[in-house]
Engineer: 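Pasting in a structure now, in structure tokens, and then I'll have a few things to ask.
What you see is a predicted model, and the numbers here were worked out from it, not measured in a lab. Along the sequence shown, residues carry numbers from 1.
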Amino acid sequence: MGNRIKNTKLNLISGLIKQFSSIVLPFVLRTVVIYVLGMQYQGLSGLFTSILQVLNLSELGFSTAVVFVLYKEIAANNIEKICAITRFLKKVYLIIGVVILILGLAIMPFLRFLTREDIPLDINIYILFSIYLINTSISYFLYAYKSVVLIAMQRSDVTNNVYTVCTTIVRCVQIVSLLLFKNYYVMIAFLPIGTLVNNLLINKYSRRYYPEITPKGIIDNETKKTLTKQIQGAFICKLGDIARNSFDNIVLSALLGLTIVAVYDNYYYIYSAVYGVMLVITHAIQASVGNSVATETVEKNYKDLLKFNFIFMWIVGWCTVSMFCLYQPFMKVWMCNDDTLLLSFLNMTLFSLYFYVINMNNMRNMYINANGLYWENRLWFIMEAVGNLVLNILLGILWGVTGIIVATIITIIVFNFITRNNVLFKSYFKISQKQFYMHHLLYFLITIVNCIICWWVCFFIPINGIAGIAIKLVVCLFLPNIIYFIIYFKYPLFKDAVVFTRRVFKRIRKNENESKS
């Protein structure tokens with residue numbers, strides 16, 4: 001328990017630092033691109049990133065499946081088997097890199113059909129896409145499997161720190177080069193260089209911390225069978241996630257053009273920045289949950305799920321209220337009050353709802369991952385992907401950007417939240433879901449009330465611009481949490497959360513004192 005808490009602390013701190021760097025510098029870079037080159041260039045970036053996320057389906061969710069299999073072997077300290085799985089992982093990653101290159105080259109002739117006529121005149125989309133493709137595929141040829149080993153060993157802090165340093169340097173160089181040369185090609189050329197250095201450093205630190213784990217040996221047939229089944233399920237799982245995250249930009253580009261992609265992508269950037277912080281929390285404790293599932297009782301893990309979910313949804317609700325109150329004021333300042341570069345109040349509200357409903361799945365997903373329930377969810381992963389794409393096209397034609405966001409929210413609730421809950425409770429907890437749903441309904445209704453109250457308070461703040469955002473930020477830091485505290489004070493899970501939090505901090509202080517002595 002002590003090691004789990006210590007590793008979770010390291011993973012959380014490094015993850016938050018990584019996320020902070022992934023918010024600030026990309027924001028500066030995105031702003032420079034928009035004002036130095038134009039919205040169409042940012043639209044191309046969003047489109048190509050989305051296409052390559054789809055191509056990354058060729059990874060087949062392999063790393064997720066391998067991490068699940070490694071949990072038990074690491075808990076048992078079975079070094080020989082860990083090394084055999086690592087060798088298998090290395091071989092498959094080489095194949096994945098080749099597959100990505102082939103798929104990328106195959107899709108290039110069709111790029112014109114995914115963009116309208118607003119492509120910048122000085123851009124060759126095939127050359128630009130080739131640079132993005134090289135950046136995506138190069139990682140698989142050089143030590144990508146080492147990151148999986150570090151994550152399974154509960155040392156994602158190492159991968160986070162390396163990523164933070166490398167991407168910070170690359171983005172600073174990109175900003176400077178863009179200001180000096182005003183050339184998009186020069187800026188993008190630094191991406192594969194950064195990826196190359198990142199993987200070389202991951203290999204260096206992996207060998208330093210775990211020299212005994214080397215890619216050698218052959219996995220037994222039973223393990224290979226388990227891996228194959230998990231890979232198939234994880235691939236379909238990734239299909240659903242990619243469909244939700246990437247098809248939006250692709251459909252928008254095909255229907256409405258690169259400029260609207262850039263506008264949508266600016267809002268999505270803010271959403272994803274805050275969502276990334278939520279993922280840092282879940283990623284930091286994922287390996288600990290995996291260890292708990294492997295060593296603790298089902299009853300204890302269910303109680304932990306309710307407790308973790310209460311704490312997490314409090315944080316999610318607070319972030320949702322803050323987004324609802326600050327989203328549009330921030331975008332107005334960022335886009336210099338240019339209404340052509342802003343979405344409507346309705347679409348901003350839908351983005352806030354999008355953020356809330358996607359995060360409703362995060363705590364539950366940790367237990368799905370820890371139990372490797374990818375194959376059991378395969379049908380719903382496919383339904384989510386197909387449903388999202390079909391609804392994107394149909395509602396996108398009818399309502400434009402509004403239809404795209406509504407389509408995503410519908411598929412998250414129907415094919416993700418409800419169906420995956422059913423699988424987890426049926427396959428692992430084997431109890432009624434009623435209590436879990438009632439908790440979520442309560443959290444959602446209270447968050448709606450919280451949004452209305454805080455928005456009403458912010459609405460009557462007469463100051464605009466950066467000063468107005470600062471005042472509203474102070475309101476959002478305190479008022480939503482005061483409201484939650486008043487409502488939840490006598491809630492049973494609140495007491496459990498307080499006891500748990502105190503215990504965690506005591507263990508952290510104890511570990512720090514032991515390390516100092």
Side-chain angles (χ1 to χ4, degrees), residues 1-12 15 61-78 81-82 85 148-156 222-223 225-227 229-234 237-238 278-313 360-378 380-381 416-417 419-433 435-436 439 493 496-497 500 503-504 507:
M1 179 65 176
N3 287 334
R4 289 208 298 265
I5 291 176
K6 180 181 179 180
N7 289 331
T8 297
K9 175 191 172 185
L10 290 173
N11 295 340
L12 181 59
F62 189 81
S63 59
T64 306
V66 172
V67 167
F68 162 71
V69 174
L70 280 173
Y71 283 147
K72 292 183 179 180
E73 306 307 329
I74 291 172
N77 198 32
N78 191 341
K81 196 165 184 178
I82 294 172
I85 294 174
V148 178
V149 174
L150 287 169
I151 292 170
M153 298 294 290
Q154 302 184 42
R155 291 308 306 270
S156 61
E222 183 180 350
T223 302
K225 183 178 179 181
T226 301
L227 271 172
K229 184 176 180 180
Q230 294 302 325
I231 289 169
Q232 291 172 347
C237 167
K238 193 165 186 179
M278 300 299 100
L279 289 182
V280 167
I281 298 173
T282 55
H283 289 168
I285 61 178
Q286 176 65 76
S288 298
V289 170
N291 182 275
S292 179
V293 168
T295 58
E296 306 286 358
T297 65
V298 175
E299 291 75 14
K300 180 185 182 302
N301 282 308
Y302 176 66
K303 291 179 180 178
D304 285 347
L305 170 61
L306 295 182
K307 179 171 57 187
F308 294 156
N309 195 56
F310 169 75
I311 298 172
F312 187 73
M313 292 311 298
M360 286 165 54
N361 301 286
N362 284 12
M363 284 295 110
R364 180 220 54 208
N365 283 345
M366 289 198 306
Y367 288 86
I368 286 179
N369 294 337
N371 284 280
L373 297 175
Y374 313 116
W375 181 252
E376 290 79 359
N377 274 298
R378 63 192 183 280
W380 304 118
F381 295 149
N416 190 324
F417 181 67
T419 56
R420 296 189 199 184
N421 286 343
N422 291 339
V423 171
L424 177 63
F425 277 81
K426 181 179 179 181
S427 301
Y428 179 62
F429 292 125
K430 299 179 180 178
I431 57 175
S432 171
Q433 306 169 52
Q435 184 185 36
F436 188 67
H439 285 315
L493 283 175
D496 293 341
F500 170 77
R503 187 167 70 247
V504 168
R507 288 186 178 275

Engineer: Roughly how far, to the nearest 0.5 Å, is CG of Leu424 from CD of Gln433?
Structural biologist: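 Interatomic distance, Gln433 CD to Leu424 CG, rounded to 0.5 Å: 8.5 Å.
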Engineer: Please evaluate residues Lys430 and Val298 with respect to the criterion side chain to side chain contact (heavy atoms under 4.5 Å, CB included), reporting the C-alpha separation (whole Å), side-chain torsions for both, the decisive distance (0.1 Å), and the verdict.
Structural biologist: CA-CA 9 Å; Lys430 299 179 180 178; Val298 175; over 6 Å; no
Engineer: Is there a side-chain contact between Arg364 and Asn416, using heavy atoms and a 4.5 Å cut-off?
Structural biologist: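 Yes, at least one pair of side-chain atoms sits under 4.5 Å.
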Engineer: Could you state the interatomic distance from CE (Met313) to CG (Asn362), rounded to the nearest 0.5 Å?
Structural biologist: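 So the CE of Met313 and the CG of Asn362 are separated by 8.5 Å.
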Engineer: In Å and rounded to the nearest 0.5 Å, what is the CD1 to CZ distance from Ile311 to Phe500?
Structural biologist: 6.0 Å
Engineer: Is there a donor-acceptor pair under 3.5 Å between the side chain of Asn377 and the backbone N or O of Leu373?
Structural biologist: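 Yes, because the side chain of Asn377 sits within donor-acceptor range (under 3.5 Å) of the backbone of Leu373.
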Engineer: Can Ile85 and Ile82 be said to form a side chain to side chain contact (heavy atoms under 4.5 Å, CB included), step by step?
Structural biologist: CA-CA 5 Å; Ile85 294 174; Ile82 294 172; 5.9 Å; no
Engineer: Identify, with sequence neighbours excluded, every residue that meets side chain to side chain contact (heavy atoms under 4.5 Å, CB included) alongside Gln435.
Structural biologist: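 Side chain to side chain contact (heavy atoms under 4.5 Å, CB included) check on Gln435 returns Tyr302, Leu306, His439.
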Engineer: Taking the side chain as every heavy atom from C-beta outward, state whether Phe310 and Asp496 have any atom pair closer than 4.5 Å.
Structural biologist: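 Answer no - side chains too far apart.
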Engineer: For Phe436 and Phe425, I'd like to know if the aromatic rings sit close, meaning centre-to-centre distance below 6.0 Å.
Structural biologist: yes
Engineer: Of all the heavy-atom pairs spanning Ala370 and Gly290, show the shortest one and how long it is.
Structural biologist: CB-CA, 3.7 Å
Engineer: From Asn301 CG over to Phe429 CZ, what is the distance, rounded to the nearest 0.5 angstrom?
Structural biologist: 6.5 Å
Engineer: Got Tyr367 and Asp304 here, is their nearest side-chain heavy-atom distance under 4.5 Å?
Structural biologist: yes
Engineer: If only atom types and distance count, is the side chain of Asn77 paired as donor or acceptor with the main-chain N or O of Glu73 below 3.5 Å?
Structural biologist: no
Engineer: Going by the rule side chain to side chain contact (heavy atoms under 4.5 Å, CB included), which residues pair with Thr419 if we only count those two or more places apart in sequence or in a different chain?
Structural biologist: Trp380
Engineer: Rounded to the nearest 0.5 Å, how far does NZ of Lys307 lie from CG of Asn309?
Structural biologist: 12.5 Å
Engineer: Any chance you could measure Arg420, atom CZ, to Glu376, atom CD, to the nearest 0.5 Å?
Structural biologist: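 So the gap between those two atoms works out to 13.0 Å.
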Engineer: Is the shortest side-chain heavy-atom distance between Asn371 and Val293 below 4.5 Å?
Structural biologist: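 The answer is yes; the side chains approach within 4.5 Å.
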